[in-house]
Structure formats: structure tokens, C-alpha cells
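Before any comments, here is the structure.
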Protein chains: 4
Amino acid sequence: MSPKVGMEPLRRQQIILAAKDCMLQYGFGHFSIKDVAESATLSTGVIYHYFKNKQDLLVQVLKESFSDTEETVREAVEKHTAFEGKFKSYLEAVADVPKQNPDFYLILLNYIAQSPYNEEVQPLITKFFDHLRTFLEEILEEGVEQDILHPETKPVLSHLVMSQAMGLAFQEQLLPLDNVEYLREEFVRLFQKYIE
Amino acid sequence: MSPKVGMEPLRRQQIILAAKDCMLQYGFGHFSIKDVAESATLSTGVIYHYFKNKQDLLVQVLKESFSDTEETVREAVEKHTAFEGKFKSYLEAVADVPKQNPDFYLILLNYIAQSPYNEEVQPLITKFFDHLRTFLEEILEEGVEQDILHPETKPVLSHLVMSQAMGLAFQEQLLPLDNVEYLREEFVRLFQKYIE
Amino acid sequence: MSPKVGMEPLRRQQIILAAKDCMLQYGFGHFSIKDVAESATLSTGVIYHYFKNKQDLLVQVLKESFSDTEETVREAVEKHTAFEGKFKSYLEAVADVPKQNPDFYLILLNYIAQSPYNEEVQPLITKFFDHLRTFLEEILEEGVEQDILHPETKPVLSHLVMSQAMGLAFQEQLLPLDNVEYLREEFVRLFQKYIE
Amino acid sequence: MSPKVGMEPLRRQQIILAAKDCMLQYGFGHFSIKDVAESATLSTGVIYHYFKNKQDLLVQVLKESFSDTEETVREAVEKHTAFEGKFKSYLEAVADVPKQNPDFYLILLNYIAQSPYNEEVQPLITKFFDHLRTFLEEILEEGVEQDILHPETKPVLSHLVMSQAMGLAFQEQLLPLDNVEYLREEFVRLFQKYIE
DNA sequence: GATGAATGAGCTTTCATTCAT
DNA sequence: TATGAATGAAAGCTCATTCAT
């Protein structure tokens with residue numbers, strides 16, 4: 001029927017996608033390998049041909065979500081050259097993640113809950129946020145060089161931006177917010193105050 | 001030794017505590033009723049005498065965590081009478097939850113991940129955050145009445161405060177932050193700007 | 001239906017027996033926990049109530065086989081007081097194990113094959129043979145004291161007796177021997193030559 | 001690289017060797033066809049080109065072990081012409097199998113345990129021991145003809161020699177014997193008594 | 001001849017829940 | 001009230017075998 005050799009990249013993607021679907025549909029820890037297999041219209045066996053175990057598959061799902069999101073933010077920033085433009089577009093991009101990549105925070109949420117008990121996931125998450133925050137610090141450094149920002153503000157600001165963005169996204173996941181758009185704008189405004 | 005009557009409240013508390021311990025030790029969904037029973041030095045059977053099922057027990061654990069935390073914040077605010085004092089102490093209390101009640105956000109995290117798939121937990125969480133935010137809005141209303149705050153700022157500010165606090169707490173859970181104390185102070189300062 | 005408390009000793013015995021039956025019927029590694037459960041007319045779950053895992057159950061089966069056999073030999077020897085009587089009855093008892101305890105060598109065979117790869121079983125087997133051989137050496141020591149035996153003969157003789165007995169039993173398991181009884185008698189005679 | 005023709009004997013040998021390695025490394029029943037394939041740096045598929053199934057492969061492994069060992073013993077005996085020399089060298093060769101062919105008894109052990117439940121293996125083992133014992137009886141027959149041995153001793157002696165040799169080898173596999181060499185010499189001496 | 005992708009039955013083990021005592 | 005024995009469904013995972021290429 002179908003080819004029998006060289007399926008690796010296709011199948012891996014197919015399975016990761018199916019796992020993502022299952023996670024969104026049933027929630028982390030509430031779907032089985034059998035569910036994934038059915039969702040991918042494959043047998044349970046193949047999954048273990050491409051992934052060491054369930055944990056391994058789950059880690060790949062997370063990795064993909066992270067690299068997608070990081071890329072989105074970087075792309076948005078790289079359209080600008082001036083410090084102010086970069087900073088603003090970073091804020092907007094970060095605030096827009098839930099809109100551009102709707103599943104991201106739901107997936108993240110599931111993994112965060114596991115992270116204190118999961119030696120493999122914990123460093124992945126830490127690295128992701130560190131990357132994103134370090135990227136922001138690089139932008140802010142330009143502001144420091146141009147005397148727009150006080151050097152000491154840099155680390156504090158980067159942390160506050162990250163946590164505010166995370167907090168907003170999680171709230172959106174949790175609560176039926178009616179004024180999301182407005183809150184996002186306020187978020188951008190709040191932090192732009194720092195460079196005025 | 002022998003069966004006792006009137007044990008109800010004690011036993012319930014004993015079991016809820018044991019469940020909390022298990023959750024913190026093993027993570028949500030990674031401990032069994034047997035684990036809880038052992039942790040409470042009871043038999044598995046007796047747990048079903050006091051709780052309908054595992055889900056029910058879990059819900060009670062969450063409820064307790066919520067009411068403890070809400071009380072802490074209210075108590076802090078009620079020490080003040082002036083708007084500025086109330087607002088500042090609210091900010092401080094909310095930022096201090098991870099310090100005063102170290103397990104709270106770890107427990108919350110576990111439930112949040114489940115909430116989209118759990119009809120019973122979802123409204124509990126929503127209600128908790130609504131309470132806390134509405135309480136902040138009541139404080140802010142005093143600021144509006146005293147012309148310190150623009151009426152429109154009220155809802156935005158309350159949401160931003162909540163999400164920032166949540167974001168900081170989650171970041172603290174996730175990442176090894178070395179300057180937590182300083183970030184908390186910055187958080188308070190950030191939002192006090194709104195009423196200057 | 002049946003009692004619900006204090007079943008431990010009965011059930012453990014019942015399950016060990018069922019496991020022994022399965023091993024004899026299907027051979028080591030060719031029966032599942034489900035087979036054992038069915039053979040004991042129990043559910044698979046109970047087995048894990050009484051035994052840590054399959055390996056644990058298997059180890060208990062072996063332990064029981066060992067202690068039964070050791071006891072048989074000791075009892076036979078203890079009927080005698082004179083050295084010659086003890087030695088002869090030891091030889092006879094050891095040669096008679098396949099007859100008195102027909103499953104013993106079949107069970108042993110199964111475990112021996114596993115032993116080089118099984119950290120728990122290996123020392124059990126070693127200990128069993130050491131016990132039995134040391135017991136023989138204690139008997140032989142009496143012969144040495146009575147100047148019937150040369151001291152140097154003791155360890156060699158004890159090893160040769162053990163291996164000959166083991167070899168005969170395994171041959172009997174493997175090959176359709178028609179003159180088993182006669183071989184056993186020759187075995188006894190062969191080693192009695194040493195004390196003439 | 002590219003498919004080759006006429007690979008049959010080489011590949012079979014390569015696979016049998018890999019299977020032997022796996023058996024020694026993991027133990028019978030604890031390695032998969034994939035393990036064998038990897039050990040032979042081949043694909044799983046090709047194994048089924050040369051062997052009907054796993055069982056078939058296993059049988060070939062055993063056959064090879066048997067013919068190697070039988071040959072060793074025959075070669076040792078054929079160096080002598082006199083009865084006494086033949087008998088002694090037979091005893092020595094048989095006692096030396098564990099030294100000359102270290103894996104033989106470990107492999108044998110694995111199959112013996114399976115034999116009562118395996119219609120194909122059982123007769124192979126029986127035949128092997130019969131061959132070796134019949135060969136000994138042929139030697140002993142010369143002793144009978146030369147009036148060195150009583151005719152009735154022949155079958156008994158051949159059985160006792162075989163079982164003693166087997167027993168010693170298994171003991172050596174199982175227990176950490178410190179005086180193996182000495183025991184082997186005693187084994188030879190023990191049975192030489194019969195022809196003095 | 002050779003590959004490795006794919007299957008699916010079957011394995012061991014866990015666990016929420018029930019219930020006779 | 002309290003016990004812990006018992007259930008059985010369902011989980012993750014393995015593996016001999018097949019087969020399109």
C-alpha cells in the first residue's frame with residue numbers, strides 16, 4: 001500500500017501532531033498511547049518505533065511548541081532596526097502568542113505542572129524562558145547604549161515583561177476574559193512607560 | 001484502635017492533609033489513593049467513607065488551599081484604612097503568597113492544567129481569581145471616589161495586577177530566580193505608579 | 001462470600017502453588033501472570049497484592065522448593081547416629097530427591113538457566129547447594145575423627161557427591177532412562193567405596 | 001552495500017554467531033530478533049530470509065554447539081590406540097569441555113530448561129548425550145573384550161561418567177569453585193578405579 | 001538478497017473502587 | 001467506623017513476524 005522505507009520524518013511529524021491533538025482534547029496525562037495511535041490512524045507499535053517511550057514523545061511535542069513560538073517572536077522583532085521599534089514589537093509579539101499560536105499556553109500549562117517532578121522537562125522550560133528573556137535583554141541593551149534606559153532597569157524589566165506576558169496568557173486560558181484585546185494593549189503601554 | 005464516633009472533621013482534615021502531601025511529593029496524577037492512605041496511616045477503605053471518590057478529595061484539597069490564601073490577603077489589607085495603604089498592602093500580600101504559602105502555586109499549577117477538562121475544578125479556580133480581583137476592584141473604587149484613579153483604569157489595573165502576580169509566582173516556581181525579593185519590590189513599585 | 005481480612009498466608013500459598021503448577025505445565029518464562037491467576041481462580045490484581053512482581057513470586061516459589069528439599073535430606077540423616085549410617089542415608093536421600101520430590105529438579109533447571117542473568121536467584125541457588133554440601137562435610141568430619149576418612153578427602157568427596165547427584169537427576173529429566181533405580185544404587189556404592 | 005548472491009553460508013553463520021552472543025549476553029528468552037539483527041549488523045528482515053523463525057534459528061545454534069563439542073571429544077580419543085589411553089583421554093576430554101568450550105554448558109543449560117516443552121529441542125539433546133555415551137560404551141567394549149572390565153559394568157559406568165561430568169560442569173557454572181582443576185583430576189581418578 | 005516500517009496480540013503492572021467482615 | 005482483600009479494566013510497552021520497496 002504505502003511505502004515501507006524512509007518514512008521516518010513524515011511519521012514522526014504525524015505522531016507528534018496526533019499527540020498534540022490528544023493533549024488538547026483530553027489534557028495531559030489523560031490520553032493513552034492508544035489514543036495517539038488512533039488519532040494518527042496507526043498502530044500502537046509504530047509509535048515505539050519512532051519514540052523511545054511516551055515521555056520521549058511528550059518531550060518532542062514540547063520542543064516543537066517551543067521552537068515554533070520562539071521563532072514567531074524573533075521574526076516579529078527582526079523586522080525592525082530601531083530600539084523603540086524592536087522593543088514594542090517584542091512586547092506585541094509576546095502578548096500575541098496566545099492569538100498566533102492558540103495551543104501554546106495550554107500545552108505549556110500541562111508541562112509546567114509536571115516539571116517539578118520531571119527531570120527532562122524542567123530544563124527545557126527553563127531554557128525556553130531564558131532564551132526569550134535573554135533576547136529581550138539584548139534588545140534592551142541597545143536602549144542602554146543609547147541612554148534611553150538605565151542599566152539597572154534591564155534585568156528587572158526583562159523579568160517583569162516575561163511574567164506579565166505569562167500571567168496574562170494563563171489568565172486568558174483560565175478565565176473568560178471579555179477584554180483581552182484591551183488588556184494586551186495596556187500590557188504594551190505599561191512597559192513602554194519605562195522607555196519614555 | 002477501636003472505631004470512634006464523631007471523628008468526621010478530624011479524619012477529613014487528616015486525609016486532606018495527606019493528599020496535599022502526596023500531591024507535593026509526587027505531583028498531580030502521580031499518586032494513588034493507597035499513597036494517600038499510607039501517608040495518613042489509614043486504610044484505603046476509610047477514605048471512601050469520608051469522600052465520594054478521588055476527584056472529590058482532590059477538589060476539597062483545592063478548596064482549602066484557596067480559602068487559606070484568600071484569607072491571608074484579606075487580613076493583610078484589613079489592617080489599613082486609607083486607600084493608599086490598602087492598595088499597597090494588597091500588592092505586597094499578593095506578591096508574598098509564594099513566600100507565606102509556599103505550596104499554593106505548586107498546587108494551583110496542578111489543578112490549572114486539569115481545569116479545561118474538569119467541570120468541577122474550572123469554576124472553582126475562576127471564582128477564586130474573581131474574588132481576589134473583585135476585592136482589589138473594591139479597593140480601587142475607593143481610589144476612584146477620591147479622584148486618585150481614573151474610573152476606566154480600575155478593571156485594567158485589577159487584571160494586570162492579578163496576571164503579573166500570577167506570572168511572577170509561576171516564574172519563581174519554574175526558574176531559579178536569584179533576585180526574587182527585588183522583583184517583588186519592583187512589582188509593587190510598578191503598579192504604585194498608577195496612583196501617583 | 002469469602003472472608004475479607006487475614007487472608008495473607010492462605011492466599012500466598014495458593015498463589016505460589018498455582019505458579020508452581022504453571023511452571024511445570026508451561027515451563028519457566030512461558031506462562032503469564034494471567035495464567036497463574038486463572039490457575040488459582042483469582043484475579044490478576046490480587047497477585048500484586050501479595051507479591052511485589054512476577055520476579056518476586058518466582059523467587060518465593062524457588063525458596064519453597066529449596067527448603068522442602070533440604071528438610072527431606074536432613075530428616076533422613078537424622079534417623080542415624082553412626083557415621084556410616086549417616087553417610088549412606090545422605091547418599092540415598094540425595095539420590096532419591098527426584099523420586100520424593102518429582103518437580104524439584106525440573107523447577108531448579110528452569111531457575112539455573114536464568115541464574116547467570118538474575119541477581120536474586122543466583123545467590124539463592126549457591127546458598128542451597130552450599131548448605132547441602134556443608135551438611136555433608138559435617139557428616140564426613142565424623143569419619144575423619146574416627147580415622148575412617150583422610151582429612152583431604154572431605155572437600156573433594158563432598159563436591160563429587162553433589163555433582164554426581166545433580167548430574168544423575170538432570171539426566172533423568174532429560175533422557176528416558178530405563179535403569180534409574182539401578183543407577184541410584186550404583187551411585188551409592190560408588191561413593192561408599194571411599195569409606196571402606 | 002549492494003545485495004549479493006551466494007551469501008547463504010556466510011550469512012547463516014553470521015546470524016548464528018550473533019544469536020549465540022545474544023544468548024550468552026542476555027540469557028535465553030531475554031533477547032529479541034532485533035537484538036540478534038543489531039548484533040550481526042543486519043536488518044531484522046534478512047534473518048527471516050535464512051531462518052524459518054526464531055525457534056528455527058535457536059535450534060541451529062544448539063546443533064552447532066553440539067557438533068563442536070562432540071568433535072572435540074572424538075578428536076581427543078582418536079589420538080590413542082590402547083583401551084586405557086582411550087578411556088583416560090575420554091574422561092579428560094569430557095571433564096575439560098567447560099574449559100575448551102566455555103559457553104557450551106551455559107548454552108546447554110538454557111535449552112535443557114526449555115526441552116520438556118519443546119518438541120524440537122528435546123530429541124536433539126537426547127541424541128547428543130546418547131551419541132557421547134554410546135561412544136564411551138564403544139571404548140568400554142574394548143575393555144570388556146580384554147577382560148579388564150566386567151560386561152555388566154559397561155552401561156552403568158557410561159551413565160555415571162556422563163552424569164558426573166554434567167554435574168561438575170553445572171556446578172562450575174553455578175558456584176564459585178576454587179578447586180576446579182583438582183576436582184577434574186579427582187573425577188578422572190574416581191572412574192579410573194573401575195579399570196584397575 | 002536486503003531493508004526497516006508496520007502490525008497487533010499479549011505481556012506486566014497499576015489503581016479506583018467495592019464490600020464482607 | 002475501619003479494615004484490607006479483591007476486582008478487572010486499562011495503561012505502557014515488547015516483539016515475532018510480514019511485506020512493499
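In what follows, chains carry the letters A, B, and so on, assigned in the order in which the sequence lines appear, proteins first and then strands, with residues in each chain numbered from 1. Model, not experiment: these values are computed from the prediction. What's counted below: heavy atoms across the whole structure, side chains too, no hydrogens, waters or symmetry copies.
- A cation-pi geometry, defined here as NZ or CZ lying under 6.0 Å from the six-membered ring centre and within 45° of its normal, does not hold between A/K63 and A/F128.
- For the pair C/I107 and C/S65, the tightest heavy-atom approach, listed with the atom from each and the gap, is CD1-OG, 3.6 Å.
- Within 6.0 Å of the NZ atom in A/K34, the count of heavy atoms belonging to other residues, nucleotides or ligands does not exceed 12.
- In this entry the distance linking CG of A/D56 with P of F/dG12 reads 14 Å, nearest Å.
- Distances shown here put a side-chain N or O of A/Y48 below 4.0 Å from the OP1 or OP2 atom of F/dC13.
- Of the N and O atoms on the side chains of B/S32 and B/D35, at least one donor lies less than 3.5 Å from an acceptor on the other residue.
- Within residues 16-36 of chain C, the residues that place at least one heavy atom under 4.0 Å from DNA chain E are, in residue-number order, C/F31, C/S32, C/I33.
- F/dA2 atom P lies 8 Å from atom CG of B/L42, rounded to whole Å.
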### Task
Carefully, step by step, assess B/F28 and B/Y111 under the rule ring pair (Phe, Tyr, Trp, His ring centres under 6.0 Å).
CA-CA 8 Å; B/F28 195 100; B/Y111 286 90; 5.1 Å; yes

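- Distance from the side chain of D/V46 is smallest to E/dA2 among F/dA6, F/dT14, E/dA2.
- Distance from the side chain of A/H49 is smallest for E/dA5 among the nucleotides E/dA5, E/dG1, F/dG8.
- When the C1' atom of E/dA20 is taken as reference, atom CG of C/L10 falls 16 Å away, rounded to whole Å.
- A/I15 places its CD1 atom 11 Å from the C1' atom of E/dA5, with the value rounded to the nearest Å.
- Rounded to whole Å, atom C1' of E/dA6 lies 8 Å from atom CZ of A/R11.
- With the nearest nucleotide of DNA chain F identified for both A/K54 and A/G45, A/K54 has the one nearer the 5' end.
- Here A/E38 pairs with nothing under the salt bridge (charged side-chain N to carboxylate O under 4.0 Å, His left out) rule; sequence neighbours left out.
- Between C/Q114 and C/Q122, the side chains place no donor N or O within less than 3.5 Å of an acceptor N or O (distance only, hydrogens not considered).
- For C/R11 (side chain) and C/Y50 (main-chain N/O), no donor-acceptor pair under 3.5 Å exists by modelled atom type.
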### Query
Which dot-bracket string describes DNA chain F (Watson-Crick N1-N3 plus N6-O4 or O6-N4, or G-U N1-O2 and O6-N3, all under 3.5 Å; [ ] crossing; | other strand)?
.||||||||||||||||||||

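- OP1 or OP2 of F/dG4 has not a single side-chain nitrogen or oxygen of C/Y50 nearer than 4.0 Å.
- The D/T44 side chain lies nearest to E/dG4 when the options are E/dA6, E/dG4, F/dA5.
- OP1 and OP2 of E/dG4 both lie 4.0 Å or more from every side-chain N or O belonging to D/S43.
- With rounding to whole Å, A/M7 atom CE is found 6 Å from E/dA6 atom P.
- Of the residues near DNA chain E, A/I47 and D/T41, the one whose nearest nucleotide (by heavy atom distance) lies more toward the 5' end is D/T41.
- Rounded to whole Å, atom P of F/dT7 lies 12 Å from atom CD of C/E38.
- C/D21 places no side-chain N or O within donor-acceptor distance of the main-chain N or O of C/A18, the cut-off being under 3.5 Å.
- A straight line from CZ of B/F51 to P of E/dA16 spans 15 Å, rounded to a whole angstrom.
- If you look at C/F170 and D/F170, their ring centroids are closer than 6.0 Å.
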